[in-house]
Amino acid sequence: MSSVEQLRDVLWHEVLPRVKKPARYTGSELNAVHKPASEGLARFLLAFPDLYEVGMSHLGLKILYDLLNRRKDALAERVYALGPDLEEELRRRGLPLFSLESTSPAASFDVLGVTLQYELSYPAILNLLDLAGLPLKSADRREPWPLVLGGGPCAYNPEPLAPFLDAFVIGEGEEVLGELVDLVKTAKAAGDDKTALLRRLAGVAGVYVPALVGVEYRPDGTVGGFRPAPGVELPVVKRMVSDLDATPYPTAFVVPGTGIVHDRAMVEVFRGCTRGCRFCQAGAVYRPVRERRPETVARLVSEVLDRTGWEEVSLTSLSTGDYSCLEPVVQYLVRTHGPQGVALSLPSLRVDSFSVRLAEEIQQVRKTGLTFAPEAGTQRLRDVINKNVTEVDLLSAVTSAFDAGWNAVKLYFMIGLPTETDEDLQGIVDLAYQVLQEGRARRGAAKSRVKVTVSASSFVPKAHTPFQWAPQAGPEELHRRQRYLMDRLRDRAIQFQWHEVDLSVLEAVLARGDRRVAEVLEGAFRRGATLDSWGDHFQMERWTEAFSEAGLDPSWYAHRSRAKEERFPWEVVSAGLSRRFLWREWEKAQRGEATPDCREAACSACGVCPGLGVETVLARPRTEVTP
Amino acid sequence: MSGNRVRLRLAKEEEARFLSHLDLARALERAARRARLPVALSEGFHPLPKLALGPPLALGATSRAEYLDLELKEPLSPQEVAARLGAALLPGIRILAAGTPPPEAKALMAEAAAADYLVRVAPEPGAVEWDGPQAVADLLTRPELVVTRRGKEEGKERQVDIRPYLLDLEYLGSEPKPAGEGHLLRLRVQTGSTGGARPEEYLPALGRFTWTAVERTELWLSRKGQLIPASGERG
């Protein structure tokens, strides 16, 4: 038996029978791609640093998996964070992290590609490297292979992970991926050592190689400047597809064998969002809006259902309610696939009655209720964050929802937003009671079943957004604001949900941290932080110790006001947004001035379109647009 | 039961053996949809396809006697159903036979009465070699065998005598295995609403094993007071 066969034999007969939900680790799902490893193939292992249930629900890696496996000269396999029971079994037996498809050791691949979706998954990345038997730091991995790459939204502040990953891919992976396959083949044929490989990588547009960029700090701890190696140009600007409609999209999705968080087909109707919410990193970094044509969406839905048999398909994007052809597409899909028992779902509803009508049309699940995100409790604060939703919009949306038969409504808010006062918190309370009253008035006999859920997460300032200058509210203050709401949302029909403050502080540190924060990550990992994005595995003491060991103050990263001219660690990379635009938006925020969506009004001069040579692509141009 | 019923015998093999009963049911619904089979849907707000499996198989076990009943909106021959569904199945699931259950047949779960299992065990290495035939004989002479089962509520346990559910047990011999000496056992175990057991529940009473492999080989149906093998039903 080969070593891979031996590993497989032990896993299947001795290890998997002892762990929870072993179907997560078999790789024998429908549509999983099992390519025989042959000479000259560039072998990628795509890693999601969270459990299978979460990772398998995510679209980005499915797109990359499909693109790589379409190529004759590349293969892609998958790995997810392991449940604690499997991790313990592997460590006890001295077995390595393995790929799901071929049970190959993770370290045997050419490329280990890690998706960076949220900051709190960083410890899980270190754990994956450790389980693979690889040194955590790029500099300690002397062999060029496996090349450890990161990509995804958190790559827009690569610095806290800079010592660990060999390179970061900034922006959308579709185009650059092909170039990476070619690069891997060339570099292997040329017998590159690690230094040569990193230099070669730095030559690819959109790829940031931290080992080739030094960072200087000022006495006050802020970044003084970057020192790129000769030939390295900064900032590294994001890659993106200009014509989404013509971009390949996976339809033979891997269908999970066992239940996952979002167990359904997904068709991405557009990318980008220009609503311009000032807290939203996705809205900033994925600009501009690029829609797929309705015919393409309809074809993709048919194909994906044919090839997966899923009973539900979701039309995804950052704000599906804004898709210019949403209504006709929804009507067509309900007519075409409804009779086969296939349900349609829209992940994000706009706060208006139009969206509720659509939800009614597709009979969106009633028991979980409809979710709206007003984000802030007063009009003043909604103007500050540029969330163009009015109280009238919200009330008309919930009124339509109750009239259409829903009993439960969920409202998403953030607390700790810049300029927030108790008046804004009271606004949340008042809105919740207004919605509840509306429900009781409209649900007649069912009024005792009316339920309003208020979810208040704590605001975390993110890189490349207008709020990148903003301090996060301190932990005591966040606790006080949570208590303020808790004390006033006392009705039995109102459920109040909030987030762990310590986690939000940590997220804030990592979101705007610099390269020195890497030491904290490693320290927390060494103390056992691995699945910290799962609240019940989280222990703040590990982090507190790690911060003091590294001599760093979390508060300096999370709660400090930043000056206009401060250089930020994440400015080694660029999403195409001009600093001038971001600062202007930050000033407008403090004055409570809104900036309209550039799909409907004038260009807001964010810098992306002219800078990257792209433009907004709408499937159906809006009639309001004036030239 | 309506007239458009088809009964399939399925194999659940190595690649699929870690799918739970619920996972398998969902996977088969999706396969039926991929195969565009005209499966009848239940009434109600969330219509579900009318597919029904026989008694659950333990996670990790393989089987060549999983049964699936499908109710169709329009008549299709069992062979056609098997051909279409067979082409859409997931790795590790195969169709072994297709037929039409007789008109008097009730739902699988209502008739399922017992199942046969082939169990391969590798005894833990010890001072004394495991004596398979003796262990089997000892278990068969025991008047009762009480095991502890987890209750429906968290933390609740209950004691059950599973000896009455062991209808037959036989030592078939040993076979060489890469991991050491493997021994083969055959068990017939009662299942169904009047009580039943899983084959793994008997193994601790037979010895200590480093690994075990369980395969279901036959399902027995109770019809008009008689036990009939599900595989012997005429299609």
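Per chain, numbering begins at 1; letters A, B, ... match sequence-line order.
Every residue two or more places apart in sequence or in another chain was checked for a salt bridge (Lys or Arg N to Asp or Glu O under 4.0 Å) with D131(B), and none qualifies.
At a 4.5 Å heavy-atom cutoff, the contact between L59(B) and chain A is made by side-chain atoms alone. Only the backbone of Q340(A) comes within contact range of chain B, with at least one heavy atom under 4.5 Å from a heavy atom of that chain.
Judged by distance alone, with hydrogens and angles left aside, the side-chain atoms of D116(B) form no donor-acceptor pair with the main-chain N or O of T217(B) at under 3.5 Å. Here the side chain of D263(A) pairs no donor or acceptor atom with the backbone of P256(A) at under 3.5 angstrom. Distance alone, capped at 3.5 Å, places no donor-acceptor pair between the R163(B) side chain and the L145(B) backbone.
Annotation: residues 21-34 of chain A contacts chain B through P22(A), A23(A), T26(A), S28(A), E29(A), L30(A) [non-hydrogen atoms, separation under 4.5 Å].
In terms of non-hydrogen atom pairs under 4.5 Å with chain B, the most contact-rich of V255(A), L16(A), V342(A), L305(A) is L16(A).
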For T210(B) and E124(B), run side-chain hydrogen bond (donor to acceptor under 3.5 Å, both in side chains): C-alpha distance rounded to whole Å, both residues' side-chain angles, the deciding distance at 0.1 Å, then the answer.
CA-CA 5 Å; T210(B) 51; E124(B) 271 183 13; over 6 Å; no

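A donor-acceptor contact closer than 3.5 angstrom links the side chains of E66(B) and S63(B). Inspection of the T148(B) and E157(B) side chains reveals no N or O donor paired with an N or O acceptor under 3.5 Å.
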